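Notes follow the structure.
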Amino acid sequence: MTRFHPAAALLCAGALHASHALAHAVCGSRVFPVTLTLDDPGVADEVTLPQIVYTRSGADGGPGPSHDTSIQFEYDKRLTEDIGFAFNDDWNINQIDHAKTQTGWDDVTVTAKWAKCLSPDHDFQFGLGVIREFGRTGTSHIGSDEHGNTAPTVYFGKDLEEVALPALQPVAITGELSYAISDKYYKSLPEPNTGNPNQWIGGLSIQYSIPYLQAQIKDYGLPEPFAHLIPLVEIGWTSPATSPGNSPTTWTVAPGVIYLRTWYQVGLEALIPANKAAGTNVGFIFQVHVFLDDLYPHGIGAPLLEMFR
Amino acid sequence: MERHVRHTIIAAAFLAASGPAFAHAFLDSALPRVGSTIAAPPAEVVLTFTQGVEPDFSRIEVEDASGARVDDGAPHTAAGDPAKFAVPLKKLSAGTYTVIWHVTSVDTHKTQGKFKFTVAQ
């Protein structure tokens, strides 16, 4: 799955994932915010305007050095309270030293997802989805894939409210695991655009919610913006699932913070390669996300089937 | 270009027609404060939410350390301020109490939570 310039693709492993569906979820006393490099376990009506990913590559032996910027957009629309779709695409700007800057669209991705708060009393959220990347819908010269893939995916979110130590109760963990089945996977080491390996793609976030701390454990009277911050670490992982797999296993760690309000959130994270295959340079990811279901609950933010009742 | 402008106008009109609101009612503050220790027993618990709640579909329960209910009467919103939701209390003795709330916002979205406070006397 080469969605950015090939030299940037390794470092961007986590960021690639970021272009998948993102939706916040309210479950019991917990708000699972929109995570930046992996999907969260909810469905919602919302929009990303935009998400910007910057990575620098080439120092690891690839062409370059290059500066790769991806401006990502997403629109999430629910069909019912628990079923929704997400539409993603992103505009890439690949600047390679001493070469012409390449720009273009990545492949379009659509996600169908069911997600539900299975236990409001225990803040446990669960979801199942299918992510479909449509090959040949992007710009080939920026490395957009000719071959799409389909990824059945499982999602979960759970906090630590049952833990005896109150200071740990604001902690929550969310995760997802996908198996991306390529439309065309190669049987021998490939030439460019002859296929892709099937891949395992996973992500995990560990979050500490200051809003939860203030509303459930102890109100410290923290001023803005601290009262609405969620520091978090996201971990992204990709690994080829079929052989021959010339795509290496990559690990990316993304520490950062989300500022969460009732109808929007702003997030900023560093993208740190955690193994050599993921690159050697640190990038960043910045996101502005608007919750249409909270802003316009009876209009454009309502589930589609409810809008026409 | 004209097509883009037309679509933008239609989208803006649709958003404007639906009118902004805030669907989920999250706890903004509480009296007694969340996790606080207070000297004198309070006469009521007052919860302030980020938006108005429907009192008929919302509730506040207050329990002592043994799980016995110490709220005394129906919870109600403050006159002119549906975001303030309160419940009277029986006379409390020293101890730790748990406030458990479930609210439905005026936009019908449900939220819930709980917290403790301690009476020191």
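A note on names: the letters A, B, ... follow the listed sequences, proteins ahead of strands, and every chain is numbered from 1. Predicted model, so just to flag it, every value in this text is computed and none were measured.
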Mark yes when over 12 heavy atoms from residues, nucleotides or ligands other than A/K116 sit less than 6.0 Å from its NZ; otherwise mark no.
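Count not over threshold, so no.
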Atom [atom1] of [X] and atom [atom2] of [Y]: how far apart are they, to the nearest 0.5 Å?
X: A/H298; Y: B/T108; atom1: NE2; atom2: OG1; result: 6.0 Å
X: A/S29; Y: B/F26; atom1: OG; atom2: CZ; result: 10.5 Å
X: A/E81; Y: B/H109; atom1: CD; atom2: NE2; result: 5.5 Å
X: B/K116; Y: A/I217; atom1: NZ; atom2: CD1; result: 9.0 Å
X: A/C117; Y: B/K110; atom1: SG; atom2: NZ; result: 12.5 Å

For [X] and [Y], which heavy atoms make the closest approach, and how far apart are they?
X: A/A215; Y: B/V34; value: O-CG2, 3.7 Å
X: B/K114; Y: A/Q216; value: O-OE1, 2.7 Å
X: B/H24; Y: A/T262; value: O-CG2, 4.4 Å

What part of [X] gets closer than 4.5 Å to chain B, counting heavy atoms only: side chain, backbone, both or neither?
X: A/Y220; answer: backbone
X: A/P211; answer: neither
X: A/D121; answer: both

Exercise. Got a sec, which residues hit side-chain contact (heavy atoms from CB on, under 4.5 Å) with B/P32, two or more places apart in sequence or on another chain?
Worked result: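 So B/P32 forms a side-chain contact (heavy atoms from CB on, under 4.5 Å) with B/S36, B/I38, B/P42, B/V45, B/F117.
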| said: My understanding is that only residues two or more places apart in sequence, or in another chain, count here; which of them pass side-chain contact (heavy atoms from CB on, under 4.5 Å) with B/A68? | reply: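 With neighbours one apart ignored, the set is B/D64, B/S66.
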**Study point:** Any side-chain heavy-atom pair of B/T111 and A/V26 under 4.5 Å
**Key:**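 They are in contact (side-chain heavy atoms under 4.5 Å apart), so the answer is yes.
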